[in-house]
Amino acid sequence: MFCYQCQETAKGKGCTFIGVCGKTNDVAILQDLLIYIMRGISKLSVRLREKGIESAEVDKFIVDGLFMTITNANFDKQRFVKKIKEAFDVREKLLEKLTAMGEDPLKGEKCDCLTWKSNNLQEMEEKATHVGVLRTKNEDIRSLRELIIYGVKGISAYAEHAANLGYKDNGIYAFMQEALVATENDTLSADDLVAMVLKCGSMGVRVMALLDKANTTAYGNPEMTRVNIGVRNNPAILISGHDLRDMKDLLEQTEGTGVDVYTHSEMLPANYYPAFKKYKHFVGNYGNSWWMQTSEFEAFNGPVLFTTNCIVPPKPNATYADRVYTTGSSGFEGFPHIPDRKDGKPKDFSRIIEHAKKCAPPTEIEKGEIIGGFAHEQVFALADKVVDAVKSGAIRKFFVMAGCDGRMKNRGYYTEFAERLPKDTVILTAGCAKYRYNKLPLGDIGGIPRVLDAGQCNDSYSLVVIAMKLKEIFGLNDVNELPIAYNIAWYEQKAVIVLLALLSLGVKNIHLGPTLPAFLSPNVAKILVEAFGIAGIGTVDEDMKLFLN
């Protein structure tokens, strides 16, 4: 295996024996093979789309297949074997369709992503060792190809959540397949691939806008909310991940059963939506960021539902491993998997609900409240206050500290940075990075909380909308003229697409940490530095002086 798609990759270079995330070699290489076959499917789909033929089956397959390969989403080897076999069938249908139209389905193609097939696991694993990241020998071309792949992986996550609510965009699906084809095209130059990277960013904005519309239409606009972080004395289910449709299905099916529901990690923002507040058994949030789950799941006592990433493999002595369930694109060998919904009907969560009834109530690990729900509409409702505070000097600067959290000690930088920020500054955040400071007593400025949490990582779109609105209000020509600094943490591919989205909108001088991506070659990193002012982080003292200069 060779994998360097996440921030915690081994030695900042790449995981080669087992992933720091816990991904084993056999799963890693099967993910590589799946992506390779999806490149072939995309080649055929692009040709058919040029003839006006769109395949909903292909679009869904590509979205699901990419989402399964995101860091910490799916560790289940057999699910990947099954998905690869499904890929052969999807590809065969496209080949047959082109042949029936009188076309040469291969059309001189040399890539055996269009033809290679085997149902033998040993042969799959052998083939997989030849189609991974290092197959591209030129370091810069490899870097750009992987940047595109990780971008479309991020897009796939948001596209799937939107589709689950009935919102689809064929242009987004077409781009994802176009991008996969580009990463297999040896005639494209580095400049061509850089252009594709920026197009990927613009599609990131588009898909996040689509998901924002889907979520707010279905559940209302997030509103300022004080979220309970204590517990009640009822058996309960802990739901993690990002999929709000799963949240709704679970709340509906647990109503009246005596089973409470709590959110964990990236599902926290479900507490901000008006549609979910009517459920009296929806208690609040339990715990912290994803990487603390190995201790927090032990204390919760009840079953846990993963709707997406981020799964941490349980330790051998874990007592909670037999009460974790997965659904959607997530998976882990030994965890029961709840099947996808069919014909628009809700998923069936009866198994996990019956399990919960037999469990003890959660053990309390903290008390109190945290405040959130500052997506774009809620901030617009406070616009007069915000503008007056900026004009009067009460707010000197905004700091966008969105992104991901992680388990490495150097993430403590973000807690210290938030603590040390002057009291006339405000943090704009989204994603699990907020757990580094969302429980700190940072206070408010004239009733405006100093931490404005927009929601999940995809809700970084709200931060973009807010910035554009402020630019309009203050009559500025360039978003970079705003008193906003960007000090963003990243971990996996959804953060990558957020970064590319910001770059596509012309945002400059973003600081990215705690380390720059290993998949950026020196030359590609240089391009980002020169064109966009991308930089890493330093010490808190150094960066405080830099940002507040």
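Values below: all heavy atoms of this structure, side chains included; hydrogens, waters and symmetry mates excluded. Sequential numbering from 1 along the given sequence is applied to the chain's residues.
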[Y]/[X] salt bridge by N-O under 4.0 Å criterion:
X	Y	value
Lys439	Glu366	yes
Glu54	Arg49	yes
Lys469	Glu472	yes
Arg420	Glu416	yes
Lys280	Glu255	no
Asp541	Lys545	no
Lys423	Asp444	no
Arg341	Asp246	yes
Glu223	Lys277	yes

Determine, using ring centers only, whether [Y] and [X] are less than 6.0 Å apart.
X	Y	answer
His242	Tyr158	no
Phe417	Tyr437	no
Tyr491	Trp290	yes

Where do Ile427 and Phe398 land on the side chain to side chain contact (heavy atoms under 4.5 Å, CB included) test, with the steps shown first?
CA-CA 6 Å; Ile427 295 171; Phe398 297 93; over 6 Å; no

If we ignore angles and hydrogens, is there a donor and acceptor under 3.5 Å between the side chains of [X] and [Y]?
X	Y	answer
Ser521	Arg142	no
Asn74	Ser330	no
Thr187	Asn185	yes

When you look at Asn480 and Asp478, which way does the side-chain hydrogen bond (donor to acceptor under 3.5 Å, both in side chains) test go after all the steps?
CA-CA 5 Å; Asn480 294 295; Asp478 187 340; 3.0 Å; yes

Taking all heavy atoms of [X] and all of [Y], pick out the closest pair and write down the distance.
X	Y	result
Gln378	Gly373	CB-O, 3.4 Å
Ala182	Met196	CB-CE, 3.9 Å
Val205	Ser504	CG2-OG, 3.8 Å
Ala159	Val207	N-CG2, 3.6 Å
Ala270	Leu244	CB-CD2, 4.0 Å
Thr71	Cys6	OG1-CB, 3.6 Å

Stepwise, does the side-chain hydrogen bond (donor to acceptor under 3.5 Å, both in side chains) test hold for Arg436 with Thr415?
CA-CA 5 Å; Arg436 288 287 170 174; Thr415 303; 4.6 Å; no

Hey, is NZ on Lys60 packed in by over 12 heavy atoms from elsewhere, all under 6.0 Å?
no

Please say whether more than 12 non-hydrogen atoms of neighbouring residues, nucleotides or ligands are located less than 6.0 Å from CE in Met224.
no

Phe175/Ile155 under side chain to side chain contact (heavy atoms under 4.5 Å, CB included): CA gap, chis, key distance, verdict
CA-CA 10 Å; Phe175 169 75; Ile155 290 173; 4.0 Å; yes

Would you please test Ser329 and Glu160 for side chain to side chain contact (heavy atoms under 4.5 Å, CB included) and show each step?
CA-CA 9 Å; Ser329 295; Glu160 180 174 291; 3.1 Å; yes

With Lys347 as reference, evaluate Asn164, Asp249, Thr307, Thr327 under the side-chain hydrogen bond (donor to acceptor under 3.5 Å, both in side chains) test and give the passing residue.
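The side-chain hydrogen bond (donor to acceptor under 3.5 Å, both in side chains) with Lys347 is passed solely by Thr327 among Asn164, Asp249, Thr307, Thr327.
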
Evaluate the side-chain hydrogen bond (donor to acceptor under 3.5 Å, both in side chains) criterion for residues Asn215 and His161: first the C-alpha distance (whole Å), next the side-chain angles of each, then the deciding distance (0.1 Å), finally the verdict.
CA-CA 9 Å; Asn215 286 338; His161 298 323; over 6 Å; no

Does Gly406 offer a backbone N or O that forms a donor-acceptor pair with the side chain of Trp291 under 3.5 Å?
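Side chain of Trp291 to backbone of Gly406, a donor-acceptor pair under 3.5 Å: yes, one is there.
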
Given side chain to side chain contact (heavy atoms under 4.5 Å, CB included), test Phe547 with His511 step by step and report yes or no.
CA-CA 10 Å; Phe547 285 123; His511 287 249; 3.6 Å; yes

State, yes or no, whether a side-chain contact exists between Phe374 and Ser462 at a heavy-atom distance under 4.5 Å.
no

If you define the side chain from C-beta out and look only at heavy atoms, does anything of Ile62 sit under 4.5 Å from Tyr173?
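A side-chain contact is absent here, since even the closest heavy-atom pair is not under 4.5 Å.
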
Euclidean distance, Asn309 CG relative to Glu266 CD, rounded to 0.5 Å
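The CD atom of Glu266 sits 8.5 Å away from the CG atom of Asn309.
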
Is the Phe276 ring parallel, tilted or perpendicular to the Tyr219 ring (thresholds 30°, 60°)?
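Tilted.
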
Determine, step by step, whether Tyr272 and Asp453 satisfy the side-chain hydrogen bond (donor to acceptor under 3.5 Å, both in side chains) criterion, reporting the C-alpha distance in whole Å, the side-chain angles of both residues, the deciding distance to 0.1 Å, and the verdict.
CA-CA 10 Å; Tyr272 310 153; Asp453 173 25; 2.5 Å; yes

